[in-house]
Participant: 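I am attaching a structure below and will ask some questions about it afterwards.
Below, all heavy atoms of this structure are taken into account, side chains as well, without hydrogens, waters or symmetry copies.
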Amino acid sequence: MADAADTDPDPASLCADFLSFSARDTASSWLVAPDLAIPLHAHLSRFVPHLLRAGQGAGLREQQREELGVQLLLLAPLEWLLLGEEPSAAFAALKEANRVSALCGHVFRVGEPTYSCRECAADPTCVLCMSCFLKSEHKEHRYRMTTSGGGGFCDCGDSEAWKQGAACSEHKQDQDQDQDQDPVQSLDPDLVFRAFGVFRAILRYAVDMLTWDREDSVPAGLEPPEKSDSFYCMLFNDEVHTYEQVIYTLQKAVNCDQKEAVSFATAVDREGRTSVRFGDFQFCEQAKSVIVRNTGRQSKPLKVLVMHSSVVAHQVFALKSLTWLSQVISHSDGLRRVLCTVALESRSGSGETLVDQLMLNDSKMWKGARSIYHQLLMNSLLMDPQYKKVFAVHFAKNYERLQSDYVKDDHDREFSITDLSVQIFTVPSLARMLMVDQDLMAVIIRTFLNLLRHRDLQGRFQFDRYTAQQAFKFGRVQSLIGDLKYVLMTRPTVWSDELRLKFMDGFSCFLELLRCMQGMDAVVRQVGQHIEMEPEWEAAFTLQMKLTPITSMIQDWIRTDEQVVMETYRCCLIALTHSLSGLADGEQPISLSLAGHMVETFRYQVSQEKVSIHLPLCRLLAGLHVLLSRTEVASRFPEQLPLGELSPPLLIELPLRCLVLCAQVHAGMWRRNGFSLINQIYYYHNVKCRVEMFDKDLIMLQVGASMMNPNHFLMIVLSRFELFHIFSTDSRKRFRDSNKDVLQQNNTLIEEMLHLIIMITGERFTPGVGQVEPEDELRREVMHQLCVRPMAHSELVKALNDNGNKETGLERVIDSVASFRKPGVSGRGLYELKPEWSKHFNLYFHHYSRADQSKAEEAQRKIRTQASGPGTSGGSGGSGTNGSTGWTESMLQRVLHLIAMALIEEKQQLESNGEEELTFNYSLKIQRPGSCGSLLSLLETLHHSPHLELHKDMIGWILTMVSHIRTLRLRSEEESVCVTAAVTTDHTLREREAAERRRKAEMARLRREKVMAQISAMQKHFIRENRELFCESRESAPCGEEQKCSSEDSVGAPVCVGPARAGLVSASPVTCILCQEEQEVRSHNRVMVLAAFVQRSTVLSQNRQSSSGLSQSRDVLFMNPALSLGIHTASCGHTMHATCWQRYFEAVHQKEQRRQQRLRGNTSFNVEKGEFLCPLCECLSNSVIPLLPPASTPATSVEQNLDTWVSATTLQLQLLRHKWSSGQGAEHAVTLGAEPAVTQGTETAETRGAETAETRGAETPVPEGFNQDFVPEPLPSPLSQMMSLFSLAVYKVALKTNPNETDPRLCPVSWSTCAFTIQATERLLWDDDKPLFGSLPCRQEECLSALCRFTSHCWTVAPPTTAQQHFSRLFSVFSASHDAPCLLDLDMFHLLVYCALSHCTVQALDQTGRSSSDSAHLNLLHLVTVAHLVQVLLTLTEKEDGTMEQDGAGAEEHLLLELYTVLQSHMGSALPAVASGWHLWRRVKAALLPFLRCCAMFFHYMNSTTPPAALLLSDGDQWAALCSYLSIPSNILLLYSHHHHHLDSLIHSWCSDPRVLQRLSESRSGPGSVLVQFPRESNSLVDLPEDYSDLINRASTFTCPRLSMDQARAPTLCLVCGTLLCSQSYCCQTVVDGDDLGACTYHALTCGEGAGLFFRVRECQVLFVAGKTRGCFYPPPYLDDYGETDQGLKRGNPLRLCSGRYLKIQRLWRQHALAEVIAHAQEANQTLAAIDWQHL
Ligand SMILES: [Zn+2]
Ligand SMILES: [Zn+2]
Ligand SMILES: [Zn+2]
Ligand SMILES: [Zn+2]
Ligand SMILES: [Zn+2]
Ligand SMILES: [Zn+2]
Ligand SMILES: [Zn+2]
């Protein structure tokens, strides 16, 4: 927009305007004008184009200038005119006089939390804002929380929205205040008069401008005085083109760079339009044509208009004036009502109001304009109870037009005026009023039908012929169903005649809609060939799914009024009869006869003709029929119902066909019809649809069966199942004729038919079908779900399709049948069926899928009790056909089940009724002899059949039952014949005995099973509890700490460092996981390696600000105590031969390279970075550590005390330095890092120069046996190769550069990973309160010891001089030079490790053959400990910990105070005074402890020394044990006092370093710089609030840090540092090395060196990222009352922090396990790799 500068109005002229302008005078001149519009328009036409020309792309300063101009020149006179006095004071006075609003009306921001009460909300759309919620009574209720999608407002104070507690304490009003009092009357009448004038003029102006449709000129009266011809090229938003397309096009069209294009695209998306070019017409037109050409190739082009600048300026001001109006009316209810009146008064003549004008132009406006006027509507009309009604009427009147506009538009519904329906239709009184006055229900349905005009010849919807555009339209039209749902949400309590009339009108429209669906998407069975194309089925089911709740709601309404029940039943029956009339046309019925019965039926076969799953009319009638039987109205007013027209065979025909279709599909007869049909059948039974599909079909069959002759019913069923011929002909013939496939098919059909009959007769748990309450139905459902397996609350809710928003009583039912099992730190809470309920289990429960059925059967068999009956009857259910006889186990099982059901029915009747009323006599029928004897005798034969072991129990039960019923019948016949009785009792007795025997055997079996189950559970539990243990015992040989311990006990306390250290017991051999060969680790054996993962880490960082930017140039030889960046090495502990591993890695590498050509980078590891997965455990690794043999016990070690050793070493170093400076010095000078090396280099050169001069003068004596030119023998080559491989891997990760074997930093980075890994492990053990030794898992033990042994030989991979020079620099800390960083800038543990490891190179030059290395280590340890002691004392702060002083440790206190005094003498006031030596000693001990623990670990793993017993325990005083293990006096001050003549000068030189004083004063003067104090505190993840909604509320106010006004769409919290980020959004992407990185990925780079863990606040989800391209989601630490997480916030139950889970996440982070978790997650779930982690 650089061009804008040229034509910018002269600032001077504007200034002049400002100066000469008086708002007050202007206002008074307008006041006297007869028509305000005339002078106002003149004023606006003069100033608006002048002021508002910067456009959207303008800079901040221009925007501010614009704002100021608008306020002073345009709005101020209006305010003066309106108020007649100084505006700000007048507004304040108005606000003061206004009474507190009864409605909250807070409009929600995107992402703001909203609350609804399940107990009290009238419907789920009634919500509260957080502030109202916290002040309301619902806080204590069962509430629900969601995040707002923006728009909508708080319903606090709306008595219709809440059954109780309508207002929070703030919005509660006194009862006596008159709600209906007109607020305008309390205003000054003059003010009211002026308000009418101003509001009318401004609102008309604004509405006219926003609905203005010419882009080249302004409306009459607004023409600018001097016409300057400048134009904007205005780009409009659409939902067709992607961000990328827009950005790409703009770069081409207006020659802008990527960044500008992104900002244009963002603005278009946000505002709905933005100007991308400003200039003359031609200039803009040119850009327009490029954009249109570029975007119009595949789709509709982007909308671009070249608009005259004055049009745009007036439109911008129009929006500003609407916002201004919103503000003005917020001060006074009276003014608000005035505005409402103006907005809804009809404009001269037309009858159309301003609001109508806006609404009708809604879809033509751009997004930004729509949002602003919608907001104004919400603030005005919807807040005024009186005008809300008037507005509702206008809205309903325009409904059809608005909806068709919306359907044609492409913007999301939230930007459409139609979205306001939720604000209006959900208010019950408004909805009722609109329904009665405006016939709303019918209007909505008619509009819907009108918008879906595409039908087939019979007038049905025809989705399969839809074009893309029709499909799009269909997608949008569905929102009307949502509106219908709102209208029907609340049932009427009283029905007026008017309401009945309008409801019936709506109902007949609804029937019309169902008629369009009845029979749609019919299918015909394919034979021979597969279908060519899968037919479209989803649209029909989408519609079905959306209409399911509507249909249920309509039935709910109907239920409440008997008259309506009858009316609707009649209408529905007529509609159905009408649609069924064509069913039998043309075909003669066929007549069936069987066993003396005859019936006529349709000539129709499901397998041959058309059949449809969509039968909504039949199903609605079934639903109404149930209502009818519930009310019993039919029996009272039979004359009002056309029951005579009912033809049961006709009613059951279509539902039966549909059920037969399902059976045939299952029998495999429809295989050639493809997946489309399978999906339809699936949804037919699915919980989302079944209420109005499968369930109702079953009811219809029950209805039909109840009205028909049962024999006729069965014959029709047989015939529809196409089984009639089988049962009517000789069964033997059937088996002879049929081939195997047909036999199998028929068997399945018979099974299905039997199942259907079981369901028709048995499923009577729907109120109206059986005598039950709704709760019984629900309970049975819950129970059967839990019979399958224990379930989480959300699973149950899903399985039952419960409405989680509202109180439905589900929880009560669940609690009555199930017990809750709480979750641990993973998994979720589960409900288990209480055992007493499992006796109600029915294997043939109608909602079981086949999978459910077999799972439930399996589960119930396991917990089956001895109680038998049809409910718990077992049996394998196997469908194996028994040879050629053609029956299956399932068939038999079902038949037996049916018989049992019949017997139970009879028994119940017998027990409850007298003999007279007994209608059911199955026990007699079962004994009636047939062609093969009676059924009973057949059963008795079967009972002894050896093939039927599985059914024996069931048959036995039936036989017992028959005799039991016989007894019952006989008992009621008092004059019973003795003989019969005797026979019966005898029989019964025998049966009983047999039953008892079986029962006992069964019980014994169950007991055995239970014991076995218990043992197995105990085992599993034990393994779970001790997983670590088991892993160890499985993965590698036991570490054998105890063995070592016992062997060492006799020797005395072990020492790990110094000449007195003990060596190792024999090393155990290791096994290669690849070739399974076992061998010992020796330097001349084949090299063994350990898989390892090296990564950068900031986990221990004490200063997150300073970690970045150091990688390339930092001096790696000294570690700052802030530990901002460390290199961590981890391992899974798996060993391999180096050669085996190399072969493996090469194979993986090749495979990946082949793979990547097809599937780019979809792996959990990146071979380019040397990554691979451990071949055994799939753990992510990126290198291998070579294994080295353990150090041997020192045999010929010399002891040197500190003083002698220091002087000897100084001497040796002097000689070496002399050699370097005289010889090849220049080339060999150690250069560590680019920047510091230069200065360092010169510095060292200087000091070196001075020293060499000295040494020359003093003529240094060469120590005995010291050979400065000695070159040590190299390690065997395969080993040294692996060593440099690992060094280079560490180097690569640490410095992020290409490997360079000659870089002198190679050794230091390897040392550093050793030191850092030990430090990290020490912290982990400390934080977990675990003992220092013996508690680590084996894999970590292996890793640490391999790492320490490797680093102790690591110097051999570099030239000896380099390492010697390192030592020389490190040792300068202990000489008087200030060559090294100052004492406060050193991490002492790193220093110790580096010194100890680099000293070996100097030691190697000693040719005396006596190793002084151990003694050197000890002396170094002592020196560094003293240095650390001084460091700790210098950094102590004044704070005292308040513990009472105790006696003890007298000597330490005394010496410590002495040392402190020495330090004070050096530092002066920089050190605080200390009160007591006791406190000081306590704090010093605590500060030194981590260091000593690290030292103990280091020497332990390097020297393989057994740790003392005290360090294998976590409790007790470690101090003494540590000191003794480290060969340090337990009074650590003795180190100082024994050598104080040497150390005093050293301390003096440390303290006199000016940098020390500088650091101290910096930190004490301000919080800016970080002075690390000891002990360093372990880093924790940020605290999360207990209540999740606190978090979400905090994030809802978060705006994007780059676009300050924009709300972030995906606010994401960094759990490490607490920064909130604007994730997953273009605005916050950053380019790093040519890649666009989302805010999270970028932040992870800086905050966690690539590893990041975040909390996605709106999704309630934890995000792990590693590097740029990898990540995974992790369950959040928030749980609801049911022990479940809610990722994506789908359920909205209140969530609370589960600290156990949060600690688990924190542990993963501290363990550096994020990368590993991600790799495992991606390995397990390949779709994760496809997620665009980089842009999150
Ligand atoms: Zn509120
Ligand atoms: Zn409130
Ligand atoms: Zn409540
Ligand atoms: Zn091997
Ligand atoms: Zn492994
Ligand atoms: Zn962070
Ligand atoms: Zn952003």
Participant: Would you mind reporting whether Tyr406 and Ile417 have side-chain heavy atoms less than 4.5 Å apart?
Facilitator: no
Participant: Go through Thr418 and Ser421 one step at a time and tell me if the side-chain contact (heavy atoms from CB on, under 4.5 Å) criterion holds.
Facilitator: CA-CA 6 Å; Thr418 56; Ser421 62; 5.7 Å; no
Participant: Going by the side-chain contact (heavy atoms from CB on, under 4.5 Å) test, name the single residue among Ile202, Leu322, Leu358, Thr353 that passes it with Val207.
Facilitator: Leu358
Participant: Could you measure the distance from the CZ atom of Phe425 to the CG atom of Leu440? Nearest 0.5 Å is fine.
Facilitator: 4.5 Å
Participant: Going from CG on Leu52 to CG on Leu74, what distance comes out if it is rounded to the nearest 0.5 angstrom?
Facilitator: 7.0 Å
Participant: Below 4.5 Å, heavy atoms only, C-beta onward: do Met433 and Val427 meet side chain to side chain?
Facilitator: no
Participant: Please find the pair of heavy atoms, one from Ser29 and one from Thr26, that lie closest to each other, and give the distance.
Facilitator: OG-O, 2.7 Å
Participant: Quick one: side chain to side chain contact (heavy atoms under 4.5 Å, CB included) partners of Asp419, sequence neighbours excluded?
Facilitator: Arg413, Glu414
Participant: With heavy-atom distances below 4.5 Å as the criterion, would you say the side chains of Leu83 and Leu94 are in contact?
Facilitator: yes
Participant: Would you call the rings of Phe91 and His331 parallel, tilted or perpendicular if under 30° counts as parallel and over 60° as perpendicular?
Facilitator: parallel
Participant: Any side-chain to backbone donor/acceptor pair from Arg194 onto Leu81? Under 3.5 Å, distance only.
Facilitator: yes
Participant: Search all heavy atoms of Cys154 against all heavy atoms of Cys129 and return the closest pair with its distance.
Facilitator: SG-N, 3.3 Å
Participant: Does NZ in Lys397 sit with more than 12 non-hydrogen atoms of other residues, nucleotides or ligands closer than 6.0 Å?
Facilitator: no
Participant: When the ring planes of His106 and Phe108 are compared, do they come out parallel, tilted or perpendicular, using 30° and 60° as the limits?
Facilitator: perpendicular
Participant: Going from CG on Leu420 to CG on Leu402, what distance comes out if it is rounded to the nearest 0.5 angstrom?
Facilitator: 9.5 Å
Participant: Would you say the ring centers of His138 and Trp162 fall short of 6.0 Å from each other?
Facilitator: yes
Participant: What heavy-atom pair brings Leu51 and Glu66 nearest, and what distance separates the two atoms?
Facilitator: O-CG, 3.6 Å
Participant: How would you list, by chain and number, every residue that makes a salt bridge (Lys or Arg N to Asp or Glu O under 4.0 Å) with Asp356, sequence neighbours excluded?
Facilitator: none
Participant: Asn379 and Arg336: which non-hydrogen atoms are nearest, and at how many Å?
Facilitator: O-CD, 3.3 Å
Participant: Could Arg24 and Glu86 be called an ion pair, given the rule that one side-chain N must be under 4.0 Å from one carboxylate O?
Facilitator: no
Participant: Is the side chain of Asp384 donor-acceptor paired with the backbone N or O of Ser380 at a distance under 3.5 Å, no angle test?
Facilitator: no
Participant: Which heavy atom of Cys1627 sits nearest a heavy atom of Ser1625, and at what distance?
Facilitator: SG-OG, 2.7 Å
Participant: Are Lys364 and Asp405 close enough, and set up right, to give a salt bridge (charged side-chain N to carboxylate O under 4.0 Å, His left out), and what steps lead you there?
Facilitator: CA-CA 9 Å; Lys364 292 189 198 122; Asp405 282 355; over 6 Å; no
Participant: Please verify the inter-ring angle class for Tyr205 with Phe317; under 30° counts as parallel, over 60° as perpendicular, anything in between as tilted.
Facilitator: tilted
Participant: What are the two closest heavy atoms between Leu382 and Lys388, and how far apart are they?
Facilitator: O-CD, 3.6 Å
Participant: Would you please test Val48 and Leu222 for side-chain contact (heavy atoms from CB on, under 4.5 Å) and show each step?
Facilitator: CA-CA 10 Å; Val48 167; Leu222 286 171; over 6 Å; no
Participant: Hey, does Cys168 have a side-chain heavy atom less than 4.5 Å from the side chain of Phe133?
Facilitator: no
Participant: Which of parallel (below 30°), tilted (30 to 60°) and perpendicular (above 60°) describes Phe395 and Phe391?
Facilitator: tilted
Participant: Take Glu271 and Asn237 through the side-chain contact (heavy atoms from CB on, under 4.5 Å) test and state the conclusion after the steps.
Facilitator: CA-CA 8 Å; Glu271 296 294 327; Asn237 178 55; over 6 Å; no
Participant: Would you please say whether a donor-acceptor pair under 3.5 Å links the side chains of Ser136 and Tyr115?
Facilitator: no
Participant: Kindly write out the residues that satisfy side chain to side chain contact (heavy atoms under 4.5 Å, CB included) with Thr341, not counting sequence neighbours, or none if the list is empty.
Facilitator: Phe196, Arg337, Tyr387
Participant: So, the side chain of Thr1597 versus the backbone of Arg1594: is there a donor-acceptor pair under 3.5 Å, distance only?
Facilitator: yes
Participant: Drop me the distance from Ser363's OG to Arg401's CZ, to the nearest 0.5 angstrom.
Facilitator: 7.5 Å
Participant: Are the aromatic ring centres of Phe21 and His43 under 6.0 angstrom apart?
Facilitator: yes
Participant: Taking Trp324 for the side chain and Gln71 for the main chain, is one N or O donor matched with an acceptor at less than 3.5 Å?
Facilitator: no
Participant: Got Pro183 and Ser332 here, is their nearest side-chain heavy-atom distance under 4.5 Å?
Facilitator: no
Participant: Are Leu134 and Lys139 close enough, and set up right, to give a side-chain contact (heavy atoms from CB on, under 4.5 Å), and what steps lead you there?
Facilitator: CA-CA 6 Å; Leu134 290 176; Lys139 196 172 56 174; 4.1 Å; yes
Participant: Which residues satisfy the salt bridge (Lys or Arg N to Asp or Glu O under 4.0 Å) test with Arg347, sequence neighbours excluded?
Facilitator: Asp208
Participant: Is there a side-chain contact between Gln315 and Met234, using heavy atoms and a 4.5 Å cut-off?
Facilitator: no
Participant: Taking the side chain as every heavy atom from C-beta outward, state whether Phe264 and Leu235 have any pair of such atoms under 4.5 Å apart.
Facilitator: no
Participant: Look at atom NZ of Lys389 and say whether more than 12 heavy atoms of other residues, nucleotides or ligands are closer to it than 6.0 Å.
Facilitator: no
Participant: Assess, by modelled atom type and distance only, whether the side chains of Asp123 and Thr426 contain a donor and an acceptor separated by less than 3.5 Å.
Facilitator: no
Participant: Is there a side-chain contact between Leu430 and Glu160 (heavy atoms, below 4.5 Å)?
Facilitator: no
Participant: Is the backbone of Met378 close enough, under 3.5 Å, to the side chain of Gln423 for a donor and an acceptor to pair up by distance?
Facilitator: no
Participant: Taking side-chain contact (heavy atoms from CB on, under 4.5 Å) as the criterion, tell me which of Asp333, Leu335, Val192 meets it with Val184.
Facilitator: Val192
Participant: Working to the nearest 0.5 angstrom, can you tell me the gap between Met130 CE and Asp1590 CG?
Facilitator: 4.5 Å
Participant: Name all residues meeting the side-chain hydrogen bond (donor to acceptor under 3.5 Å, both in side chains) criterion together with Glu345; count only those two or more places apart in sequence or in a different chain, and write none if there are none.
Facilitator: Arg200
Participant: OG/Ser330 to NZ/Lys95 distance, rounded to the nearest 0.5 angstrom?
Facilitator: 5.0 Å
Participant: Taking atom types as modelled, find out whether Glu112 and Thr114 have a side-chain donor-acceptor pair closer than 3.5 angstrom.
Facilitator: no
Participant: Please enumerate all residues that pass side chain to side chain contact (heavy atoms under 4.5 Å, CB included) together with Ala369, with sequence neighbours excluded.
Facilitator: Leu210, Leu319, Met365, Trp366
